[in-house]
Structures are given as structure tokens and as C-alpha cells.
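Here the structure is a predicted model, which means the values were calculated and not measured.
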Amino acid sequence: MKCFVVDTNVAIVANGQSERPEERPPTIQCRTAAVIFLMELLASSKILLDLDGEAQGEYRTYLNPRGQPGVGDRFYLEVINSAPDRVERIDLPRREDGEYADLPQALIDVGFDPSERKFAALANKARTPVANATDSDWVNDAMTLQACGISVQNLCGCDKTKWFEP
């Protein structure tokens, strides 16, 4: 069964929203890509999370634990239920400086967004892809991520001008 690390923005976009209030809503194409991805993920793949619950904590900030009204909320409900056939939790130890031991130094050196580092460390440790919809960090640092062996599936493509409604 294939595993994915899912950036929070995928579920937010599947709900038809943007991560930041100042952003416009995602395009219908982008939202559809996020919805299809999450539905397929819930049907036939595993969600990879950290044992300390940092990824789940970020989901909690943006998503409804009742699983309604959007597909992103339904995804979060599955995470909360922690169905063993759908969710795998792995340990992400930290170094003495507080960074994740499994986060490549090259990402720290380029200033990769600290809020995204948990997802990158998870993907690196498990050698599994990260799903992204509309977070520009994954696109801006694509070369470094690729050099570190971290694969990113950009559901809405890499052209940021096509992510949000005009």
C-alpha cells in the first residue's frame, strides 16, 4: 500500500478554501485535483504522520473534526480515527538544536519554511512523497528537495498563477 505525507493545504483546498484569509479561493481545477487525491488516498493508500502529533495538530487548526462539510474535513476525520489500515505514525526524533534528525541540512540551509519541516522530515525518513496543493514553499525549493531525494506531488501544478481564482 502506498503512503503519502499530506501537507495541510491539500485538505484546505479540497474544502474550497485558502490557507491565508488574504488569498483568493482555489480554482475549481485545483480544488478538484485535491478532492480526487484525498478520495483516492482514503480508498487505497496510507497517510503518514509523526508520533508526536505535530502534523495532526496542524490539521486540527484548519479542519473540522466532525468530518463535515468538505472532503478535507472527511480526510481529517479519518486521521482522528487513526484507522490502522489508513494511518501510519512514525517517530521523528529531534537533534539537540531542535531540528528534526531526518530533515536534510540542505533544506535548513536554504531557509525552508519551519512550519513545513515536519512534512519534509516525514517524507525523507519514510522515502514517501509529499502531496502539495497551493503551498509555494514546495515549488520554490523544488531543486533542493529533489537533490535531497524528497519527492513532491504538486496536485495543482507548479504555476502559482493557476492556483487561485483571478
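Atom CD in Gln153 sits 10.0 Å away from atom OG1 in Thr128 (nearest 0.5 Å). Within the model, atoms CG of Leu155 and OG1 of Thr32 stand 11.5 Å from one another, a figure rounded to the nearest 0.5 Å. Annotation: the span from Arg66 atom CZ to Ile80 atom CD1 amounts to 11.0 Å, rounded to 0.5 Å. We find the CG-CG distance between Leu49 and Leu92 to be 10.0 Å, quoted to the nearest 0.5 Å. Taking CG of Leu122 as the reference point, atom CD1 of Ile90 lies at 5.0 Å (rounded to 0.5 Å). Once rounded to the nearest 0.5 Å, the distance linking CG of Leu51 with CD of Glu88 reads 9.5 Å.
Arg31 is not listed as a side-chain neighbour of Pro25, based on a closest heavy-atom distance of 4.5 Å or more. Two residues are said to be in side-chain contact when any heavy atoms from C-beta on lie closer than 4.5 Å; Asn64 and Tyr76 fail this criterion. The closest side-chain heavy-atom distance from Ile150 to Pro104 is below 4.5 Å. Looking only at side-chain heavy atoms (C-beta outward), Leu42 and Ile47 come within less than 4.5 Å of each other.
By the side-chain contact (heavy atoms from CB on, under 4.5 Å) test, Thr27 pairs with Gln29, Cys30, Glu165, sequence neighbours left out. Applying the side-chain contact (heavy atoms from CB on, under 4.5 Å) test to Gln105 and every residue at least two apart in sequence or in another chain returns Arg95, Ile108, Asp109.
Formation of a donor-acceptor pair under 3.5 Å by the Asn124 side chain with backbone atoms of Asp102 is found in this model. Without hydrogens or angle criteria, Arg60 side chain to Pro65 main chain gives no donor-acceptor distance under 3.5 Å.
By the 6.0 Å contact criterion, CE on Met1 is enclosed, its count of non-hydrogen atoms from other residues, nucleotides or ligands being greater than 12.
Residues Thr144 and Val110 approach most closely at OG1-CG1, 3.7 Å, considering heavy atoms. Counting all heavy atoms, side chain and backbone alike, Glu116 lies closest to Asp137 at CG-OD2, 3.9 Å. Of all heavy-atom pairs spanning Pro93 and Lys125, the tightest one is CD-NZ, 3.9 Å. Here the closest heavy-atom approach between residue Glu99 and residue Leu103 is recorded as OE1-CD2, 3.6 Å.
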Show me the donor-acceptor pairs, under 3.5 Å and distance only, between side chains in residues 3-19 and residues at least two apart or in other chains.
unit_1: Asp7; atom_1: OD1; unit_2: Asn9; atom_2: N; d: 3.0
unit_1: Asp7; atom_1: OD1; unit_2: Asn9; atom_2: ND2; d: 2.9
unit_1: Asp7; atom_1: OD2; unit_2: Asn9; atom_2: ND2; d: 3.4
unit_1: Asp7; atom_1: OD2; unit_2: Trp138; atom_2: NE1; d: 2.7
unit_1: Thr8; atom_1: OG1; unit_2: Glu58; atom_2: OE2; d: 2.8
unit_1: Asn9; atom_1: OD1; unit_2: Ala133; atom_2: N; d: 2.7
unit_1: Asn9; atom_1: OD1; unit_2: Thr134; atom_2: N; d: 2.8
unit_1: Asn9; atom_1: ND2; unit_2: Asn132; atom_2: OD1; d: 2.9
unit_1: Asn15; atom_1: OD1; unit_2: Val71; atom_2: N; d: 3.4
unit_1: Asn15; atom_1: OD1; unit_2: Gly72; atom_2: N; d: 2.9
unit_1: Asn15; atom_1: OD1; unit_2: Asp73; atom_2: N; d: 3.3
unit_1: Asn15; atom_1: ND2; unit_2: Asp73; atom_2: OD1; d: 3.1
unit_1: Asn15; atom_1: ND2; unit_2: Asp73; atom_2: OD2; d: 3.3
unit_1: Ser18; atom_1: OG; unit_2: Arg24; atom_2: O; d: 2.4

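Listed by first and then second residue, the ring-ring contact (aromatic ring centres under 6.0 Å, His included) pairs that reach into residues 139-159 come to none, sequence neighbours excluded. Among pairs with a residue in residues 45-54, those fulfilling side-chain hydrogen bond (donor to acceptor under 3.5 Å, both in side chains) read Glu54-Arg94, Glu54-Tyr100, at least two apart in sequence or across chains.
Phe164 belongs to a hydrophobic cluster whose other members, connected by ILVMFWY side-chain contacts under 4.5 Å either directly or through intermediates, are Val139, Trp163.
Classified by interplanar angle (parallel below 30°, tilted 30° to 60°, perpendicular above 60°), the ring pair Phe119/Tyr59 is parallel.
A chain of hydrophobic side-chain contacts below 4.5 Å, direct or via other Ile, Leu, Val, Met, Phe, Trp or Tyr residues, connects Met39 to Phe75. Both Tyr62 and Leu41 sit in one connected hydrophobic cluster of ILVMFWY residues. Membership requires side-chain heavy atoms under 4.5 Å apart, directly or through other members.
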